[in-house]
Amino acid sequence: MPAIYKRTLVTSALPYANGPLHIGHLAGCYLPSDIYVRYKRSKGEDILFICGSDEHGAAIPIRAKIEGTTPKEIVDKYHKMMGDSFKEFGISFDVYSRTSNQIHHQTASDFFKTLYDKGSFTEETTEQYYDEEAKQFLSDRYIIGTCPNCANPNAYGDQCEKCGSTLNATDLINPKSTLSGSKPVLKLTKNWFLPLDKLQPKIQAYLNEHKDWKANVTGQCKSWLDNGDGLQPRAMTRDLDWGVPVPVKGAEGKVLYVWFDAPIGYISATKELRPTDWELYWKNKDTRLIHFIGKDNIVFHCIIFPAMLMEHGDYILADNVPANEFLNLEGNKISTSKNWAVWLHEYLIDFKDKQDVLRYMLCANAPETKDNDFTWADFQTKNNSELVAILGNFVNRTLVLTHKYYHGSVPSAETFTKEDLLTLEQLASFPDKIVASIEAFRFREALAEMMNLARLGNKYLADTEPWKLIKTDEVRVKTIMNIALQITCNLAIVCEPFLPFTSAKLLNMLNMPVLKWHAAKQTSNMAAGHQINKDELLFAKIEDEEIKIQIDKLELSKKNNTVIVVPPAKAETSFDDFSKMDIRTGTILEAERVPKTDKLLKLKIDVGIDTRTVVSGIAEWYKPEDIIGQKVSVLVNLAPRKIKGIESQGMILMASNAEGELSFMNSTKPDFNNGSEIK
RNA sequence: GGUGAGGUAGCUCAGUUGGUUAGAGCAUCGGAUUCAUAACCCGAAGGUCACGAGUUCAAAUCUCGUUCUCACUACCA
């Protein structure tokens with residue numbers, strides 16, 4: 001089982017620099033990793049916390065094009081924005097680097113070279129589109145053309161966003177380069193593949209050593225390994241000009257695959273932070289490496305990156321990869337493009353100084369074992385019924401009484417009753433309970449345990465009733481208040497990983513220095529006679545009004561997005577081109593599901609000329625029995641194509657909205673005969 | 001369709017190798033209390049453990065089937 005490690009290296013997934021951060025990012029991996037690291041630091045352990053912006057990949061140049069700017073400006077903008085958000089929410093990275101740094105380019109480049117020299121890669125030459133004007137190969141996203149499926153003239157080389165089909169660039173009709181607008185030519189290109197198929201036994205063995213990983217993580221890995229023929233070779237280079245150049249002769253105009261270079265970002269960030277002894281954290285068996293990620297990154301961190309490290313040979317592998325599931329917002333998926341999100345930088349405008357409230361909420365509601373939902377109503381309840389009522393209230397009543405009875409001077413504990421001793425014993429047991437949960441990456445459990453300490457305090461005060469005793473037994477009250485203050489002080493220590501701002505505020509009120517974790521096992525951190533500062537409220541109630549504003553804001557963005565998103569006008573086309581299409585009216589005679597598919601219906605349509613079979617992807621919106629007799633428009637001279645073994649002889653025309661939902665368009669004169677031409 | 005993860009109280013979740021009346025927090029209701037941000041403290045109510053079958057003395061837990069949700073993947077002419 002786990003060796004005794006001397007130090008820990010914690011990485012958090014590198015966020016992609018093409019948009020601001022939202023609550024899903026925080027809940028997914030940054031908050032859990034921050035809690036873990038803060039606790040380890042508090043214990044005095046040797047630990048580094050690494051992160052940075054992922055600034056490569058094909059999506060960034062495209063985003064730049066849309067915004068009419070350069071990739072560099074995009075990544076600069078979001079790198080700063082994300083870094084600021086992390087800082088504001090107390091995510092305590094030791095370094096927040098970026099993959100566009102020179103040090104990263106060098107590190108990733110060297111890494112690739114090492115694998116290349118070792119002969120780890122296989123080379124494969126394929127035909128790809130090349131733009132002769134721009135003098136470069138075109139990645140799929142740089143090519144647009146007419147979708148062979150739905151005739152959308154603006155389909156991308158990898159996917160048609162209109163009909164959703166996955167494409168190869170070579171499938172496109174009339175391909176065009178988005179760089180120069182010219183017609184690209186097919187040219188041979190060489191790319192380097194990591195033969196994951198050959199590495200599968202080693203990867204399997206590695207995963208077998210880590211049966212203790214979370215169920216969602218091992219499950220995902222298993223599914224990759226067991227699926228079909230197992231792992232497949234994966235290209236580690238791309239024909240693109242944005243990224244780390246491939247350091248090999250004959251690879252001009254190529255960059256490293258973003259998922260090859262991004263995880264190496266962890267290494268280069270460590271180098272940047274510790275130029276002299278970074279290898280201690282990456283190449284020494286006494287170091288424990290932990291990757292905090294979201295579930296979408298599991299395959300890269302559990303299979304591909306370890307495979308790269310194995311091939312290299314010098315590096316240690318991750319000992320654990322605690323991946324979280326996804327956080328939804330008010331019942332819907334968080335979506336950057338639909339603006340369905342709570343943005344971190346906006347949150348702080350509406351909820352100034354309430355970083356810890358969000359941290360608390362996101363930890364208490366973290367999607368640790370399954371997707372979870374963030375609702376504003378729940379946010380309010382957690383703040384008002386837990387932070388205010390339990391934690392804030394306990395601290396407040398203790399401090400108020402201390403000022404009232406002793407002018408803020410800690411009273412001395414005289415003689416302990418049985419009840420006192422029991423309370424002190426429980427107090428001392430909390431750190432270990434919280435530790436057990438944190439070490440098992442069960443942060444919501446750990447947080448609940450922390451709150452139980454505040455509950456213990458509330459109960460102790462309710463049971464001992466110092467406000468009554470003060471009239472009859474002042475000596476006894478001294479002891480009671482001393483204990484209540486000790487609980488308050490220890491709360492400040494154990495809440496620090498979760499609520500760092502609150503902890504600092506509380507220590508300040510107590511006029512205490514920062515205390516290490518082990519101090520929380522002691523029951524006499526505050527000496528008699530110690531003078532505390534003026535008390536103030538730790539948490540404020542959140543009123544219905546404030547919540548309503550947030551919900552309205554979301555509703556508004558929902559409305560805006562459903563109304564505004566209309567695809568842009570297409571390029572002009574000629575009447576000749578249009579008249580080449582033979583579109584007829586028809587009637588659906590038969591309809592049935594195509595087995596083993598989710599979306600496909602096999603239709604028999606009378607189009608006047610004949611009755612033909614058409615396979616159509618409308619099963620998500622129409623049941624077969626409901627559309628028999630439905631009048632449709634059919635493109636009848638489209639080249640036939642086999643889909644799932646069925647020859648489809650045409651295409652029915654459907655309206656499609658922003659959500660990709662499809663609808664029939666009805667003629668207003670029902671008696672039009674089948675086969676009428678649509679012009 | 002394939003693979004993986006889930007389905008437990010109104011809500012969010014625990015439930016370790018199958019073993020007494022299935023737990024917690026919040027919400028609800030009742031009581032007590034006033035130091036405290038109408039907060040705290042005590043108590044109650046609330047569950048056919050998605051559904052169906054099987055194995056067993058015993059199933060939330062194991063097996064098989066069905067169904068729903070999410071992710072990856074295939075399919076959208």
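Numbered from 1 within each chain, the chains take letters A, B, ... in sequence-line order.
- Checked against B:A36, B:C75, B:A39, the side chain of A:V400 finds its nearest nucleotide in B:A36.
- When the P atom is compared between B:G18 and B:U61, the two are found 11 Å apart, to the nearest whole Å.
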I'd like a table of atom pairs between the protein and nucleotides 24-31 of chain B - only N or O on both sides, under 3.5 Å - with the distance next to each one.
| from | atom 1 | to | atom 2 | distance (Å) |
| --- | --- | --- | --- | --- |
| B:G25 | O3' | A:R455 | NH2 | 2.9 |
| B:C26 | O3' | A:S385 | OG | 3.3 |
| B:A27 | OP1 | A:S385 | OG | 2.8 |

N/O contacts under 3.5 Å, protein versus nucleotides 60-68 of chain B?
none

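- A close approach under 4.0 Å does occur between a side-chain nitrogen or oxygen of A:K459 and OP1 or OP2 of B:C42.
- Nearest nucleotide to the side chain of A:D371, out of B:U33, B:C70, B:U12: B:C70.
- B:U48 sits 12 Å from B:U8 when the C1' atoms are compared, rounded to a whole Å.
- Remark: A:D378 pairs with A:N365 by the side-chain hydrogen bond (donor to acceptor under 3.5 Å, both in side chains) rule, at least two apart or across chains.
- Backbone-only engagement by A:N372 is indicated by non-hydrogen atom pairs under 4.0 Å involving sugar-phosphate atoms exclusively.
- When heavy atoms are screened at a 4.0 angstrom cut-off, A:F394 is found touching no nucleic acid atom at all.
- At a threshold of 4.0 angstrom between heavy atoms, the contacts of A:N393 include nucleobase atoms, whether or not backbone atoms are also involved.
- Of the candidate nucleotides B:C41, B:C40, B:U33, B:U33 has the atom nearest to the side chain of A:K468.
- Distances from the side chain of A:T369 to the nucleotides B:C41, B:A14, B:C76 place B:A14 closest.
- Across all strands, A:V615 comes closer than 4.0 Å only to sugar-phosphate atoms, never to a base (heavy-atom distances).
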Checklist outcome for this item: Here RNA chain B, pairs taken as Watson-Crick or G-U under 3.5 Å and shown with ( ), [ ] when crossing and | when to another strand, reads (((((((..((((.....[...)))).((((.........)))).....(((((..]....))))))))))))....
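- The environment of CD in A:E474 is sparse: at most 12 heavy-atom neighbours from other residues, nucleotides or ligands sit within 6.0 Å.
- Contacts of A:L538 with the nucleic acid, taken as non-hydrogen atoms under 4.0 Å apart, include base atoms.
- Every residue was checked against the ring-ring contact (aromatic ring centres under 6.0 Å, His included) condition with A:H403, not counting sequence neighbours, and none meets it.
- Applying the ring-ring contact (aromatic ring centres under 6.0 Å, His included) definition to pairs two or more places apart or across chains, those involving residues 441-462 of chain A are A:Y36-A:F441, A:F292-A:F441.
- Across all strands shown, A:K370 has heavy atoms under 4.0 Å from sugar-phosphate atoms exclusively, and none from any base.
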